[in-house]
Every structure is written in C-alpha cells, then in structure tokens.
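Written out below as structure tokens is the structure these notes cover.
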Amino acid sequence: MAASPPRTITFAIGGPIDREDLPALYERVCALLRGAAAEVAVCDVAGIVADAVAVDALARLQLAARRHGCRIRLEHTSAELRDLIVFTVLGDVMAV
C-alpha cells in the first residue's frame with residue numbers, strides 16, 4: 001500500500017512587511033494552521049522584499065509551523081530572499 005501524500009495547506013504573504021505587522025501575521029498563521037491539521041504549509045513569498053523584517057517574519061512562521069506539527073516550504077522566493085535565508089541559517093530548517 002502506497003503512503004498517502006502529506007496534508008498540505010497553501011497561503012501567501014504579501015509585502016511590504018513592517019516590523020509592527022509581525023505579531024498579527026504570526027497569529028493569523030497560527031489560526032490557519034490550527035484549523036488545517038496540515039503537515040506541510042506552502043507559503044508563496046513572491047511579494048516579499050529581502051530584508052531583516054522578512055527574515056524575522058519567516059522565522060516566526062517556521063516557529064508557528066513547528067508548534068503545530070507542520071513544516072514550511074517557500075514558493076516563488078526571489079534569489080535575494082533565498083540568499084538571505086541561507087545566510088541567516090534559516091535555510092537549514094526551511095525548504096526554499
């Protein structure tokens with residue numbers, strides 16, 4: 001019998017993101033994950049600018065996912081954001 005594919009939820013984050021947006025973003029993602037019982041959360045980050053606030057936001061999303069038994073996979077990541085994620089070691093815990 002073949003293994004079933006992981007339960008997946010997909011959402012997008014638009015930019016720009018300001019530091020004061022981070023707590024509300026975290027809460028919205030937690031609420032989404034709580035209701036989804038997903039194993040993988042695919043996050044479209046096409047509109048995100050590569051900066052420290054974006055890295056902070058993604059770190060918080062990863063934390064939220066882990067707390068809900070899920071993992072984050074990023075889609076439509078710019079080369080700049082991908083490089084920044086790898087530079088900050090988030091690439092070790094997040095699929096880009």
Show me the side-chain donor-acceptor pairs of residues 47-57 shorter than 3.5 Å, one per line, residues at least two apart or across chains.
unit_1: D51; atom_1: OD1; unit_2: V53; atom_2: N; d: 3.2
unit_1: D51; atom_1: OD1; unit_2: A54; atom_2: N; d: 2.8
unit_1: D56; atom_1: OD1; unit_2: R60; atom_2: NE; d: 3.0
unit_1: D56; atom_1: OD2; unit_2: R19; atom_2: NH1; d: 2.7

Supply the atom-to-atom distance [X] [atom1] to [Y] [atom2], rounded to the nearest 0.5 angstrom.
X	Y	atom1	atom2	value
C30	L61	SG	CG	9.0 Å
T77	L74	OG1	CG	4.5 Å
E80	I85	CD	CD1	11.5 Å
R71	R66	CZ	CZ	11.0 Å

Discussion item. Is there a path of hydrophobic side-chain contacts, each under 4.5 Å between heavy atoms, that joins L63 and V45?
Written reply: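 No, no single cluster joins them.
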
Worksheet item: Is a side-chain donor or acceptor of D21 paired with a backbone partner of D18 at a separation under 3.5 angstrom?
Response: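 Between the backbone of D18 and the side chain of D21 there is a qualifying donor-acceptor contact (under 3.5 Å).
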
Worksheet item: Who pairs with A41 by side-chain contact (heavy atoms from CB on, under 4.5 Å), at least two apart in sequence or on another chain?
Response: I9, F11, L33, C70, I72

Worksheet item: With A12, which residues qualify under side-chain contact (heavy atoms from CB on, under 4.5 Å), at least two apart?
Response: D44

Worksheet entry | Side-chain heavy atoms of L81 within contact of L58, under 4.5 Å | yes

Worksheet item: Pairs in or reaching into residues 26-38: which pass side-chain hydrogen bond (donor to acceptor under 3.5 Å, both in side chains), with residues at least two apart or in two chains?
Response: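 Listed by first then second residue: Y26-R67.
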
Practice prompt. Report the C-alpha separation of C43 and R73 in whole Å, then their side-chain angles, then the decisive distance to 0.1 Å, and conclude whether the side chain to side chain contact (heavy atoms under 4.5 Å, CB included) test is met.
Written response: CA-CA 6 Å; C43 181; R73 188 178 83 223; over 6 Å; no

Discussion item. Test question: given the 4.5 Å side-chain rule for I, L, V, M, F, W and Y, name all other residues clustered with V42, or answer none.
Written reply: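 Hydrophobic cluster check, V42: joined to V40.
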
Discussion item. For A37 versus R7, what's the shortest heavy-atom pair and its separation?
Written reply: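 Shortest heavy-atom separation between A37 and R7 comes out as O-NE, 2.6 Å.
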
